[in-house]
Every structure is written in structure tokens, then in C-alpha cells.
Amino acid sequence: MADTALRLHPDRLFPSDPVTRSIARRLYDAVRDLPIVSPHGHVPAHWIAADAPFLDATSLLISPDHYVTRLMHANGVGLEALGAGGRELTDDQARSAWRELCAHWNDFCGTPTRYWLEGELVDILGVVVRPSAATADALYDEIAATLAQPDFRPRSLLQRFGIEVLTTTDDPCDPLTDHAVIRDDPTVATRVLPTFRPDRYLEAGRPGWRQLVEQLGVAADVDTSTYAGFIAALEERRRYFIAHGAVSADHSHADTGTTPLASADAARIFASAMTGDATSAETTALRRHLVLEMARMSVEDGLAMILHPGIYRDHHTLTSQQFGRDVGCDIPVAVEFTRGLQPLLERFGTASGFHLILCTADESVLSREIAPLAGFYPSVFAGAPWWFLDAPEAIRRYRGAVTETAGFRRTSGFIDDTRAFCSIPVRHDMSRRLDCGYLAELVATHRLDEDEAWLTARELVAVNPRVAFKL
């Protein structure tokens, strides 16, 4: 009979060599219980402000996690059945979605998603039976009963997970009301900080851009009918975010271009875009210039600048029309950093206090471009493996690609980049295990003394993200 138990091995992700594994265990013991610093994530602030209970396994583990929904979709499950795009499901529909996940459990074999789900089920929810079509209903009911307990509400979980800092991702026009509620509640020990995400306001060629510019003007109480007013409104909203605790601004575009425009040209293209007359080449040129302006603002106001380009957004048009963004149909493309960022770094690469965290979904540029940039410019940090690279093998390759050129201290610390709330501690634990395994290899091959590895392991968790993200 097949073993249906669900277990987590204490040595998971550690090196298989016994000597190296024993070193990794000792290093891991030094970091396993350190507080979590999550400097780049997407958990809605409303969840924490409202502290409403999670209702069921589907709304907790499936609907908000595009890693889960995208692979289920690839294996024939419709996104509408999974609550993708924020669609509310009835209890019967939520149960049906959970049955689909359990029936497709083996589709996730070998994936990081499977690893995260197992950690959530075992370590957080106390599940001891492997999901399958036969166990789906019993597990659904078991998890629902667990989630009904008061200590499984979002604020209690923040404390249980040991999350010291949690950042959200927020539209520049957001009034940040939920953040104010959290900040003013003395019972919430976690620092929950907004992040300024202006991407769609910089893309003058996107549909509805003029309306966005007008909304920005209302939020900032600035006339945005001119280019100068638009820039002033962005600066004002950044100040508003900083007053509400923000420490970083997040940027993701198709490329890394930062070629400057003359002020007159920027104003001319902006005016043409407002009337819908700007060409695609012009709006691209304006966006690249505006990213450079975002760097200028970061130098002046102190927000760390996160850059993670190279994503083909909404690859399947019908899916994006039906469900919106962030449901799994964004696909990585090749990207270049060295030439694209040269104008930005020429101006600001050595500016005092400027921090630029470079992330990528294109592994090929880690050792060729990002590590050398971080190994020269005092402003540049090699961002943690992000999105499709936040998997065990990719994280190991990241350490090998980056460390030889930039060392450990020029890296950002782990980034969980998730809306799946309960996966946060699992992902951070995964990173700690992998880093301890990498450091153990250096100790076992006599490239690093164990006391140095011990210190480095702790710095990667407790120091690097605070330095890079100005926490």
C-alpha cells in the first residue's frame, strides 16, 4: 500500500554529503529562528488591517498564488474555477477548486510550488495526510476548522511567523488608509510598509494612460496637464508614501533603458501622449526617460529603487481581459542591464545614499552583468532570485554566479515576492537552508572558516535586506 503520509524531512535542501550536511545543520541552527524581513512582497494591506479570518483552503493557498493557478491552468483547469483575478467563489466552488488541486497534486512534483505547499500544509496547518482526490474533502474540512481558530487570523500569523517587516506593493494614488490603520494599532508589532509602484503611470502608450495621469493629479492635488505638473505630482505622491513609512519604489518595465530626453522633448512627447498622438517609439523613449527621473527622485528623497525588468506582461490577451493581471500569464524574456542602465549609473551610480536593487528573471545576466555592476557601483545591489528563479536549484546557481564577483554583502537578502501569505515563512526558510548549504560547501572545501560562514549566514538574513532596502 502506498504511503499517504505528508512529512517534511529535517535535512531537506541540505547537501547530501554527510560532512557538508552536518556543517549546514550547524549554520542553519544559527538562523532558523531569526525574524523575517520581507522587503518586497504583495500581500494586501487590507488583510492585516481588517484581520478577517481566512475562510477556506482555496482562498488561502490557491487563488492568491499565481504559481499554483498557472500550472493548474496548464494542466487543464480553468482559471475561473480557481478564483483567479480576485473572483469570489461560493463554498461549493471553493471546495471544487481544492479538489482540483488535490487531484493534480502530482503535477507539482519537483516544483518549488510543491515544496512551498507542503511546508504550508505541514508546518502551518498541521496536515499530515498527502493531498489526493481521495483525501481532498477531508483535508478541506480539516483546514477550514483550523482556519476558524482565532490564532490563524492574519495578525496572529504575522506574530507566529516572526515577520518583523512586511512590505506591500501600492499604487501611487492609493490613500494608504489600511496602512494607517495598521500603523496606529499598537497590537500590531510587525512594521507593514507601503511600496511606491508607478509603472503604469510611466507607460504613456498603454490604454487609459491619460485617465491615470488625471487621477494622479487629483491624488497629489497638482495639475498634471503638463509634463512639469506630472513630474511634480509623482514627487508629491512619493513624499506622501514616505510619510506613511515607505522605504522603496518598485519598477518593472520591458527593458532597462534609461536614455535621457531633453526637457523640451519630454514635454512635447508628454503633450502628444495626452492627446493620443504619440508614436510607440516616442512613448518608449518617454518611459525610459521617466525611469531615469525615478532614479533622480530616489537620490533626492531616499527611496531605494527596485528594478526587475524583462517580463512580457499579459502574454495571453484573452486571459488578461477576463482576469486582469498577475494570474500567471506573464512570461520572462531576455534582458540587458549594462548598456541600458549606463545613463542612470553615469549620473547616480556613485551618488551618496542611492540604492538600486537589480532583480532578474533572466539567469544569463547574473554573472555577466548584475554581479559586475554590484561589484563596482556602491549604489547597486544584486537582488535575490526573483519569480521563476526563486526555486532551490536557481537559488544555488544565483549564489555561484554572483558571489565570485560581488561577494555576499552586495546582495539584497531574500525576496519572497508573494501574495500567498502563508508561503512567506516557508520561502524564507527555504532560502536560509539553501544559503547554509552553499556556505557549508565553502567550509567543507576550505574556502571559508566556519565562524565566518556562521557570521555570513546571519548577515544574509538579518543585515543585508535592512541595508539594501534602507530598513
Side-chain angles (χ1 to χ4, degrees), residues 33-56 59-61 63-65 86 88 120 124 146-199 215-216 219-220 236-250 301-306 326 357 412-428 461-462 465-466 468-471:
D33 296 324
L34 290 178
I36 290 173
V37 176
S38 176
H40 176 72
H42 304 292
V43 170
H46 179 69
W47 289 3
I48 300 163
D51 199 32
F54 297 105
L55 299 178
D56 54 68
S59 61
L60 178 66
L61 302 176
S63 300
D65 195 336
E88 293 188 6
E120 293 173 272
I124 298 172
T146 299
L147 294 177
Q149 300 173 24
D151 56 350
F152 277 85
R153 292 196 174 200
R155 295 186 183 185
S156 294
L157 290 176
L158 281 177
Q159 183 175 359
R160 174 180 167 184
F161 296 163
I163 300 178
E164 193 169 284
V165 179
L166 178 69
T167 59
T168 61
T169 306
D170 308 275
D171 187 277
C173 293
D174 194 317
L176 304 180
T177 306
D178 289 322
H179 282 275
V181 170
I182 298 165
R183 181 196 62 219
D184 295 339
D185 191 330
T187 66
V188 182
T190 301
R191 293 174 63 196
V192 181
L193 308 177
T195 299
F196 188 78
R197 180 70 180 264
D199 290 0
Q215 291 169 20
L216 181 69
E236 173 58 30
R237 293 307 294 172
R238 289 172 68 104
R239 286 191 289 268
Y240 183 87
F241 269 62
I242 291 169
H244 285 73
V247 296
S248 61
D250 184 29
D301 63 27
L303 289 181
M305 186 175 185
I306 313 164
D326 303 315
I357 297 113
S412 70
F414 183 65
I415 292 171
D416 54 68
D417 187 54
T418 187
R419 290 171 183 79
F421 186 46
C422 284
S423 76
I424 293 174
V426 178
R427 293 182 189 215
H428 281 264
V461 172
R466 297 181 190 280
F469 289 88
K470 299 187 171 185
L471 291 165

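As the structure is a computational prediction, the values presented were derived from the model and not from experiment.
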Looking at [Y], is its backbone amide N or carbonyl O close enough to the side chain of [X] to form a donor-acceptor pair, meaning the two atoms are under 3.5 Å apart?
X: Arg160; Y: Ile124; result: yes
X: Arg191; Y: Ile163; result: no
X: Glu164; Y: Val37; result: no

State, to 0.1 Å, how close [X] and [Y] come at their nearest heavy-atom pair, and which atoms those are.
X: Phe241; Y: Thr195; answer: CE2-O, 3.7 Å
X: Gly413; Y: Pro465; answer: CA-CD, 4.0 Å
X: Ile48; Y: Leu166; answer: CD1-CD2, 3.6 Å
X: Ile424; Y: Ile36; answer: CG2-CG2, 4.3 Å
X: Ser156; Y: Asp151; answer: CB-O, 3.5 Å
X: Ser412; Y: Ile415; answer: OG-CD1, 4.0 Å

So if I apply the side-chain hydrogen bond (donor to acceptor under 3.5 Å, both in side chains) rule between His42 and each of Thr169, Thr167, Thr168, which one comes out positive?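 Result: among Thr169, Thr167, Thr168, Thr169 is the only option passing the side-chain hydrogen bond (donor to acceptor under 3.5 Å, both in side chains) with His42.
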Find out whether Tyr240 and Pro172 are in side-chain contact, i.e. whether some heavy atom of one side chain is under 4.5 Å from a heavy atom of the other. no
Trp47 side chain reached by Pro64 side chain, heavy atoms, under 4.5 Å: yes
Quick check for you: to the nearest 0.5 Å, what is the distance between [X] atom [atom1] and [Y] atom [atom2]?
X: Ser423; Y: His428; atom1: OG; atom2: NE2; result: 8.5 Å
X: Arg155; Y: Ile182; atom1: CZ; atom2: CD1; result: 7.0 Å
X: Leu61; Y: Asp56; atom1: CG; atom2: CG; result: 9.0 Å
X: Asp250; Y: Met305; atom1: CG; atom2: CE; result: 10.0 Å
X: Ile357; Y: Phe469; atom1: CD1; atom2: CZ; result: 4.0 Å
X: His179; Y: Leu193; atom1: NE2; atom2: CG; result: 8.0 Å

Assess the residue pair Thr418 and Asp416 against the criterion (side chain to side chain donor-acceptor pair (under 3.5 Å)); give the C-alpha distance rounded to whole Å, side-chain angles, the decisive distance to 0.1 Å, and a yes or no. CA-CA 6 Å; Thr418 187; Asp416 54 68; 5.6 Å; no
Can you tell whether the side chains of Asp301 and Arg238 come within less than 4.0 Å, N to carboxylate O? yes
Parallel, tilted or perpendicular for Phe421 and Phe54, by the 30°/60° rule?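 Judged by the thresholds at 30° and 60°, the geometry between Phe421 and Phe54 is tilted.
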Which pairs, with at least one residue in residues 169-183 and sequence neighbours excluded, count as a salt bridge (charged side-chain N to carboxylate O under 4.0 Å, His left out)?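 Salt bridge (charged side-chain N to carboxylate O under 4.0 Å, His left out) check on residues 169-183 returns Asp171-Arg200.
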Heavy-atom count around His244 NE2 within 6.0 Å, excluding the residue itself: above 12?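 More than 12 heavy atoms, drawn from other residues, nucleotides or ligands, come within 6.0 Å of this atom.
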Can you tell me if CD on Gln149 sees more than 12 non-hydrogen neighbours from other groups inside 6.0 Å? yes
Apply side-chain hydrogen bond (donor to acceptor under 3.5 Å, both in side chains) to Asp51 and list each qualifying residue two or more places apart in sequence or on a separate chain. none
